[in-house]
Amino acid sequence: MGDRPSDNLDRAPTLISVDAKSPDQDALKAPARALSEGALVAFPTETVYGLGANALSAEAISRIYAAKGRPATNPLIVHIARIEDVENIVTAFTPDAQKLARTFWPGPLTLILGRKNTVPGTVSAGLSTVAVRMPAHPVARALIALAGCPVAAPSANRYTEVSPTRAEHVLRGLGARVDYIIDAGPTSVGLESTVLSLVEPRPTILRPGMITREEIARVLPAVIYAQNAELADTAQRPSPGLARRHYSPQATLRVVDDLACALADYAAKPAAKIGLILHAASPQNIPENLADLIAPDARLNLGDDPARYAHKLYDALHHLDQLGCTHILVQTPPQGDPWRAIHDRLARAAD
Ligand code: TXA
Ligand code: MG
């Protein structure tokens, strides 16, 4: 033990800052090389920061699971820099998959297809399928291209914690468990990719994301959302990573319709320090006798645009945890397909 960098918890990761739009290729060479040789490199994608390892190395893959504290039953997404690289990952890049890739790649859509034997089974937690996506973030693509190998990357957080949308979140959550952290500022989408299975009888969205069913239906009209599968806590879940409790902040989180009523529950609990996540249509006046329960700087309005709300949500949860909030109350966001991924993540973050 201790001979591999990630085993040594005393050593800080190497931090490298690059421009998000046109990253300095020279600065990425060392982490790209380390990545290809088995190191763990955290890097920005347009959704959240990923914890990358060489997807063709079973040993590198096992280090991802160890660093995250993630059960071996939870499969990883393989990231590629160019569409043609998908042929090395999947058994068949089907006509449906090609249509989707042409429309949504590079971007926050993950496709589940048959797994080629060149990809170690541990990437997919032993499944015969594999998740693959081509990210849109210039830093992710430059890093993967320089590494010269497909990159397996879950979100760069400890198991069940909130996904990171900034390099600071990765450092705080994983610290010396990772060898490099590449910092290119906050991510743009803010929620994890839409996961779409093309190996079910009908194309099935296993994890909603900011690419919605309605958008995918313009390309594949038969697409459906998995039937509540994501919230059922059984071994039969089509996507084993969709455990009920996930994406949780340290504070207890509740999604509430009536803020004043929810706040009143804490009136008799002087130790409660409450953070609020509102949207533009939330009632803005909190009854005066309850206003003291809300920590300073802990009343966050994420607005009424779902893309903007998603962009800010995880950052808001990290921020409220940092403030030491014991409870987070989230005003129920608007309904509708563009809000579906937001509702999904909030439901998982709630206890
Ligand atoms: O936006 C994202 O997807 C981010 C960035 C880093 O790309 N990655 C991410 O990875 O969210 P992770 O590991 O946190 O989530 C992967 C999801 C899990 O829900 C997992 O169950 C599902 O993808 N998944 C992976 N491989 C699968 C497979 N072969 N079959 C079904 N679901 C799979
Ligand atoms: Mg994750």
Side-chain angles (χ1 to χ4, degrees), residues 40-53 55 61 64-65 67-80 89-91 104-116 119-137 139-141 143-144 150-165 169-170 173-174 182 187-200 204-211 226 229-231 235-248 310 314 341 344-345 348-349:
L40 295 183
V41 178
F43 63 96
T45 80
E46 70 278 25
T47 57
V48 299
Y49 275 71
L51 177 63
I61 297 308
I64 288 185
Y65 285 97
K68 278 188 69 93
R70 179 171 180 153
T73 49
N74 197 337
L76 307 174
I77 297 172
V78 176
H79 297 69
I80 54 174
I89 313 292
V90 306
T91 47
F104 297 109
W105 282 2
L109 177 68
T110 294
L111 300 178
I112 309 291
L113 291 159
R115 175 173 54 84
K116 244 190 190 162
V119 180
T122 48
V123 166
S124 299
L127 298 171
S128 62
T129 54
V130 64
V132 59
R133 97 173 175 99
M134 178 160 89
H137 200 298
V139 175
R141 296 248 299 292
L143 178 75
I144 299 164
V151 174
S155 50
N157 52 281
R158 293 282 286 170
Y159 180 61
T160 79
E161 290 180 359
V162 178
S163 293
T165 56
H169 303 156
V170 180
L174 291 175
I182 300 173
T187 63
S188 56
V189 177
L191 293 188
E192 303 83 352
S193 62
T194 305
V195 176
L196 174 64
S197 174
L198 296 176
V199 300
E200 306 282 328
T204 305
I205 296 174
L206 303 179
R207 179 175 71 182
M210 297 312 285
I211 293 180
E230 64 264 35
L231 292 182
Q236 267 70 52
R237 282 192 308 270
S239 196
L242 296 176
R244 174 70 178 77
R245 189 184 157 87
H246 213 138
Y247 313 103
S248 297
Y314 287 166
D344 171 78
R345 301 309 190 276
R348 289 171 205 289

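First listed ligand is number 1; within each ligand, the first listed atom is number 1.
R133 and W105 make their closest contact through CA-CZ2, 3.6 Å (heavy atoms, listed as atom of the first residue, atom of the second, distance). Closest non-hydrogen pair, A67 versus R158, comes out as O-NH1, 2.9 Å. What you find for G114 and V130 is that their closest heavy atoms are O-CG1, 3.9 Å.
At a 4.0 Å heavy-atom cut-off, ligand 1 touches E192 through backbone and side chain alike. Using a 4.0 Å cut-off between heavy atoms, L127 contacts ligand 1 through its side chain alone, with no backbone atom that close. Contacts with ligand 1 closer than 4.0 Å are made by backbone heavy atoms (N, CA, C, O) of L76 only, the side chain lying farther away. If you look at H79 next to ligand 1, the close heavy atoms, those under 4.0 Å, all belong to the side chain. Both the backbone and the side chain of P154 come within 4.0 Å of ligand 1, judged by heavy-atom distances. Contact annotation: for M210 versus ligand 1, there are no heavy atoms closer than 4.0 Å.
Two residues are said to be in side-chain contact when any heavy atoms from C-beta on lie closer than 4.5 Å; K68 and N74 fail this criterion. Counting heavy atoms from C-beta on, the side chains of M134 and I80 come closer than 4.5 Å. R345 has its side chain within reach of P208: a pair of non-hydrogen atoms, C-beta onward, lies under 4.5 Å apart.
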Pair S155-E192, side chain to side chain donor-acceptor pair (under 3.5 Å): steps then yes or no
CA-CA 8 Å; S155 50; E192 303 83 352; 4.9 Å; no
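Between the Mg ion (ligand 2) and S155 there is an N/O/S contact shorter than 2.8 Å.
A side-chain donor-acceptor contact under 3.5 Å links T187 to the backbone of T47. In this structure, S197 contributes its side chain and T204 its backbone to no donor-acceptor pair below 3.5 Å.
For the residue pair R207 / T110, no side-chain donor-acceptor distance below 3.5 Å is found, with atom types taken as modelled.
Each of the atoms 27 (C), 28 (C), 30 (N), 31 (C), 32 (N), 33 (C) of ligand 1 lies under 4.0 Å from some heavy atom of I112. Residue T129 has at least one heavy-atom neighbour below 4.0 Å for each of these atoms of ligand 1: 28 (C), 29 (N), 30 (N). Interface atoms of ligand 1 facing A131, defined by a heavy-atom separation under 4.0 Å, are 25 (C), 26 (N), 27 (C).
Considering backbone and side-chain N/O atoms, T47 comes within less than 3.5 Å of an N/O atom of ligand 1. For ligand 1, none of its N or O atoms has an N or O atom of T110 under 3.5 Å away.
Remark: distances from the non-hydrogen atoms of A153 to ligand 1 include one below 4.0 Å. Between R70 and ligand 1 there is a heavy-atom distance shorter than 4.0 Å.
The heavy atom nearest to atom 4 (C) of ligand 1, out of those in L111, L191, V48, is found in V48. In the candidate list S155, P108, S193, S155 is nearest to atom 9 (C) of ligand 1, counting heavy atoms.
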